[in-house]
**Student:** 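Encoded as structure tokens, here's the structure I'll be asking about.
Here is the naming used below: chain letters follow the sequence lines, and residue numbers restart at 1 for every chain.
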Amino acid sequence: MSKTKRYTITAALPYANGPLHLGHIAGAYLPADIYVRYLKSQGHDVAFICGSDEHGAAITLRAKKEGKTPQQIVDENHQIIKKAFTDFGIDFSIYHRTSSPIHHETATGFFKDLNDKNAFTQETSEQFYDEKEQQFLADRYIIGTCPKCNYDNAYGDQCEKCGSTLSPTDLINPKSAISGNTPILKETSHWYLPMNKHEDWLRKWLEEGKLDNQFHHDPKLWKKNVLGQCKSWIDNGLQARSITRDLDWGVKVPIEGAEGKVLYVWFDAPIGYISATKEWAKQNGKNWEDYWKKEDAELIHFIGKDNIVFHAIIFPIILKAHGDYILPTNVPANEFLNLEGDKISTSRNWAVWLHEYLADFPGRQDELRYVLTSIAPETKDSEFTWKDYQARVNNELVAIFGNFVNRTVVLTHKYFNGLTPTLNKCDEIDDEVLAAIPKAKAKVNELITQFKFRDAQTEAMTLARIGNKYLADTEPWKLIKTDEDKVKTILNISLQICEALSDIFLPFLPQTCCNLKKILNLKSEETISPQHQIGEAKLLFQKIENDVIEAQIKKLKESNKKQSNPKANPMKDEITFDDFTKMDIRTGTILTAEKHPDADKLLKMTVDTGIDVRTIVSGIAEHYAPEEIIGKQVSVLINLAPRKIRGIVSQGMILMAEDNEGNLAFVSPEKAIDNGGEIR
RNA sequence: GGCGAGGUAGCUCAGUUGGUUAGAGCGCCGGAUUCAUAACCCGGAGGUCGAGAGUUCAAAUCUCUCUCUCGCUACCA
């Protein structure tokens, strides 16, 4: 047994801008949880740290959109995320949050300390400022016309139409995405982290695993994608990076004259790991510094591939600049998980949300853990499909693992009343199977320490396969008629395998292993031995039927269409441009309007279409009084076949927009247009 | 555009420093079996390893060109 160590394991802080989906789980949280459960089972001292990242411009924007305060937004999401983690069985030591006072103190202190050590530089520049909203605008929140392709909804950092990288000042007609106002240029001063100064030691640390000329970690254990990306950053020359922002939501810059400025979330967020550790230590009578400042502690960050440079370059620089902190010995970054043939997308609502899975499949978190580990994107993007989920649960968990345990337990009850039989004389096959148990354990442990969780889980499943094959080869149900002693040996060994499975699967399927221990009637530290009474047979896993899977696929496909407005109707079938040009839509002015004599909901109007003056009947009487719409400019579909409505011929259709509650609004030109002007 | 990672059986993935008929699990087909959730067990079929060229006695593996996917590209977080 190797001696125990102290570990600080972090999982990327989820951004409190929305709930968690399966991609988040497969990418960072599940592998971290497996690793932590493994470390704990080996007796190590582990702080497993996570929490909500609650700052940044995206949250303030969302708050504005929804008419809430940023605090309300993060409070809501923090609760949803935290509950989902708990229900799913991610075993954090603490799930903290960056809006907490202890985090603000910690981040502030960190900034001050580095500032005192002259670890930062300060620079002044001109940036766009929205006078109405009284705030500086991040590049992403400036919209204007692309100077290269004339696309008029290009962002300040990039044009999504032609893909060119832009600077906000490149845009023609820049507009604030928040208010629509034209922003002005205003001088502002920011703090920068001069990363270029850190290139030399970073290179040695990453490439050779050496820090201050001493062994720090084995770079061969790092993933290719992580090293590759870091190396390319350093090779291209690191630049000073701004660590403050002009925003009112976040950790205030603790310097006089820096009012209205906050720490950039990527300076603030990783410090969240430290503040969370402090809070956990306080609650549990520990010393947080043991986990961050002692050389014998090991720090490991579990993240997704989009976070690599922040955890493998920027945060290490910050820690090193401070001087007292340890650096990560590994940053196992996973690639991304796709879903049913497409990228997971929050904005398109193409995702399986963790909290919804838990609601739809109560108590079946281990099935999801198993599948997500089986397809974990460890070396490349991988794909989750519901059919695959069903197949893996039914053909592997149920048929191999669950089935082996069940047949062993059932046989033991049938032949020996549930009393563990004695291990009698062993033949070659028995010895081989017995030897496979420690071998499997060793192999699984080795793979876990190499962060190869997918292979490790497959290896664990192999032990269940060995069990099934053992029963098929020895056929105790036949032998029972002729050689009961032999059957005793077989079932003793089979029960030992069951027990081993409950240990070996513990990091992967914690709930199942707990259930299995109950079936075997084993309390912790107890082991299977002759005359031990096992519990009743109970199925570890249930088969998943087709209709359940089809319902999930249907739900996914429907929710995808909802987009930002869940009640909006699905898109109609695609049409050609020719189809569109067939519609003749013009600007017109309402000349007269009166209630339809024979209908409550209809107005009879005369409209000047620029071509002619015609009568149109429209069902808007409940939304507009006749007198208030006279003189209004509207959009009219003029080549629609005339139609009699309650006795009056209507010659065209006035375009209306309808909201979720059925309220109507005219679609009118935003400034006066000649009647007859074409809309296209 | 630049950089990084990836493209291997129907699906999800392994393939160590180039070396005999390219592997595993699942699916599929066939067989056997009945203790078990029609489960298990045995056998079989399936791949010009993204495309093309080159180096070599020998290339999935090394080089070049091309192509597709994802990520990063420094003020999106």
**Student:** Quote, to the nearest angstrom, the C1' distance that separates B:C70 from B:G50.
**Tutor:**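 Going atom to atom, C1' in each nucleotide, I get 15 Å.
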**Student:** With sugar-phosphate meaning primed atoms plus P, OP1 and OP2, does A:Y470 contact a base, only sugar-phosphate, or nothing at under 4.0 Å between heavy atoms?
**Tutor:**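 The answer is nothing, as A:Y470 stays clear of every strand by at least 4.0 Å.
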**Student:** Just checking A:Q239: base, sugar-phosphate only, or nothing, at a heavy-atom cut-off of under 4.0 Å?
**Tutor:**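 Contact class for A:Q239: base.
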**Student:** Given the C1' atoms of B:G19 and B:A58, what is the spacing between them in whole Å?
**Tutor:**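 Their C1' atoms lie roughly 7 Å apart.
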**Student:** Is A:R97 salt-bridged to A:D75, cutoff N-O under 4.0 Å?
**Tutor:**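 Between A:D75 and A:R97 there is a salt bridge, with a charged N closer than 4.0 Å to a carboxylate O.
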**Student:** Students often mix this up, so state it plainly: with edges at 30° and 60°, are the rings of A:F401 and A:F505 parallel, tilted or perpendicular?
**Tutor:**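 A:F401 vs A:F505 ring planes: parallel.
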**Student:** Considering only side-chain heavy atoms of A:N225, which listed nucleotide, B:C70, B:A5, B:U73, is closest?
**Tutor:**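 Looking only at side-chain atoms, A:N225 lies closest to B:A5.
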**Student:** What's the CD1-P distance between A:I234 and B:G4, to the nearest Å?
**Tutor:**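 For the pair A:I234 CD1 and B:G4 P, the rounded distance is 14 Å.
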**Student:** If I take atom CG in residue A:N394 and atom P in nucleotide B:C26, what distance separates them, rounded to the nearest angstrom?
**Tutor:**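 Answer to the nearest Å: 14 Å.
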**Student:** Looking only at N and O atoms, is any donor in the side chain of A:Y192 or the base of B:C75 less than 3.5 Å from an acceptor on the other one?
**Tutor:**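 Checked by distance alone, the answer is yes.
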**Student:** Run A:E335 and A:K380 through salt bridge (Lys or Arg N to Asp or Glu O under 4.0 Å) and show every step you take.
**Tutor:** CA-CA 6 Å; A:E335 302 280 310; A:K380 55 183 136 184; over 6 Å; no
**Student:** Could you run down the sub-3.5 Å N/O contacts of the protein with nucleotides 64-66 of chain B?
**Tutor:**
none

**Student:** Whole angstroms only, please: what is the CZ-C1' distance between A:F401 and B:C26?
**Tutor:**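 To the nearest whole Å, that distance equals 18 Å.
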**Student:** Would you kindly compare A:V226 and A:E378 by the position of their nearest RNA chain B nucleotide and give the one closer to the 5′ end?
**Tutor:**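 Checking each residue's closest nucleotide, the 5'-ward one belongs to A:V226.
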**Student:** Answer with base, sugar-phosphate or nothing: what part of the nucleic acid does A:F404 contact at a heavy-atom distance below 4.0 Å?
**Tutor:**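 Answer is nothing: A:F404 stays at 4.0 Å or more from every strand.
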**Student:** Classify the nucleic acid contact of A:G467 as base, sugar-phosphate or nothing, counting any heavy atom under 4.0 Å across all strands shown.
**Tutor:**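 Since no nucleic acid heavy atom lies under 4.0 Å of A:G467, the category is nothing.
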**Student:** Output the single nucleotide from B:G4, B:C70, B:A14 whose closest atom is nearest the side chain of A:S232.
**Tutor:**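 It is B:G4.
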**Student:** Can you classify the ring geometry of A:H311 versus A:W266 as parallel (below 30°), tilted (30 to 60°) or perpendicular (above 60°)?
**Tutor:**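 It falls in the perpendicular class, over 60°.
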**Student:** Between B:A59 and B:C49, how far is it from one C1' atom to the other, in whole Å?
**Tutor:**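 Looking at atom C1' only, B:A59 and B:C49 are 11 Å apart.
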**Student:** Could you tell me the Watson-Crick or G-U partner of B:C3, where both distances fall under 3.5 Å? Say none if there is no partner.
**Tutor:**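 Across all strands, the one nucleotide that pairs with B:C3 is B:G71.
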**Student:** Below 4.0 angstrom from OP1 or OP2 of B:U12, is there any side-chain N or O of A:K387?
**Tutor:**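 Checking B:U12 against A:K387, no side-chain N or O comes under 4.0 Å of OP1 or OP2.
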**Student:** What's the gap between B:A60 and B:A14 when it is taken at their C1' atoms, as a whole Å value?
**Tutor:**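 My reading of the C1' atoms in B:A60 and B:A14 gives 12 Å.
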**Student:** Looking at the angle O4'-C1'-N9-C4 for a purine or O4'-C1'-N1-C2 for a pyrimidine, is B:G46 syn or anti, with syn meaning within 90° of 0?
**Tutor:**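 Here the answer is syn: the torsion falls within 90° of 0.
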**Student:** Output yes when at least one side-chain N/O atom of A:K380 is less than 4.0 Å from OP1 or OP2 of B:A14, else no.
**Tutor:**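 Result: yes.
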**Student:** Does A:K305 come within less than 4.0 Å of A:D381, counting only side-chain N to carboxylate O?
**Tutor:**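 Salt bridge: yes.
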**Student:** According to ring pair (Phe, Tyr, Trp, His ring centres under 6.0 Å), who are the partners of A:F453, at least two apart in sequence or on a separate chain?
**Tutor:**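 Counting only residues at least two positions away or on another chain, A:F453 forms no ring pair (Phe, Tyr, Trp, His ring centres under 6.0 Å).
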**Student:** Describe the nucleic acid contact of A:K343 in one word from base, sugar-phosphate, nothing, applying a heavy-atom distance below 4.0 Å.
**Tutor:**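 Sugar-phosphate, no base atom in range.
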**Student:** Give the rounded distance in Å between these two atoms: CZ of A:F336 and C1' of B:G4.
**Tutor:**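 Distance check: A:F336 CZ to B:G4 C1' gives 13 Å.
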**Student:** Is there a Watson-Crick or G-U wobble partner for B:G25 with both distances under 3.5 Å, and which nucleotide is it?
**Tutor:**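 B:C11 - that is the nucleotide pairing with B:G25, both distances being under 3.5 Å.
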**Student:** Would you mind building the protein contact string for nucleotides 32-43 of chain B? One character per nucleotide, 5' to 3', B for base within reach (heavy atoms under 4.0 Å), S for sugar-phosphate only, - for untouched.
**Tutor:** --SBBB-SSSS-
**Student:** Counting Watson-Crick and G-U wobble pairs only, both distances under 3.5 Å, name the nucleotide matched with B:U16, or none.
**Tutor:**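 Paired with no nucleotide.
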**Student:** Who does B:C49 pair with, Watson-Crick or G-U, both distances under 3.5 Å?
**Tutor:**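 B:C49 is unpaired by these criteria.
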**Student:** Tell me whether A:K486 is salt-bridged to A:D430, with the criterion being a basic N under 4.0 Å from an acidic carboxylate O.
**Tutor:**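 Yes.
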**Student:** On a whole-Å scale, what distance lies between the C1' atoms belonging to B:C26 and B:A9?
**Tutor:**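 Result for the C1' pair: 12 Å, nearest Å.
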**Student:** Which pair of non-hydrogen atoms, one from A:F310 and one from A:P316, has the smallest distance, and what is that distance?
**Tutor:**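 Heavy atoms of A:F310 and A:P316 come nearest at O-CD, 4.1 Å.
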**Student:** Would you call A:E459 and A:K443 a salt bridge, using N to O less than 4.0 angstrom?
**Tutor:**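 A salt bridge is absent here (no side-chain N lies under 4.0 Å from a carboxylate O).
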**Student:** Please work out whether the ring planes of A:W386 and A:F361 are parallel, tilted or perpendicular, with thresholds of 30° and 60°.
**Tutor:**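 The rings of A:W386 and A:F361 lie parallel, inter-plane angle below 30°.
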**Student:** Could you measure between the two C1' atoms, the one in B:U17 and the one in B:G2, and give it in whole Å?
**Tutor:**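 B:U17 and B:G2 have their C1' atoms separated by 31 Å.
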**Student:** What's the CD1-P distance between A:I313 and B:U73, to the nearest Å?
**Tutor:**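 In whole Å, B:U73 P and A:I313 CD1 are 11 Å from each other.
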**Student:** Could you tell me how far B:G25 sits from B:C35 if I compare only their P atoms? Round to whole Å.
**Tutor:**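 27 Å, rounded to whole Å.
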**Student:** Over 60° means perpendicular and under 30° means parallel, so tell me whether A:F384 and A:Y389 are parallel, tilted or perpendicular.
**Tutor:**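 Tilted: the ring planes of A:F384 and A:Y389 meet at 30° to 60°.
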**Student:** Give me the distance, rounded to whole Å, that separates B:A32 from B:G43 when you measure between the C1' atoms they each carry.
**Tutor:**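 The answer is 10 Å between these two C1' atoms.
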**Student:** Could you state the atom-to-atom distance from CG of A:L20 to P of B:A77 in whole Å?
**Tutor:**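 The distance from CG of A:L20 to P of B:A77 comes to 20 Å, rounded to the nearest Å.
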**Student:** Just checking, is any N or O donor in the side chain of A:E550 or A:N546 under 3.5 Å from an acceptor N or O on the other one?
**Tutor:**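 Short answer, no.
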**Student:** Given atom CD1 of A:I375 and atom P of B:G6, what is their separation to the nearest angstrom?
**Tutor:**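 In whole Å, B:G6 P and A:I375 CD1 are 20 Å from each other.
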**Student:** More 5' along RNA chain B: A:T385 or A:H190, using each one's nearest nucleotide?
**Tutor:**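 Here A:T385 is the residue nearer the 5' end.
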**Student:** Rounded to whole angstrom units, what separation is found between the CG atom of A:L463 and the C1' atom of B:G25?
**Tutor:**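 Those two atoms, CG and C1', are 16 Å apart.
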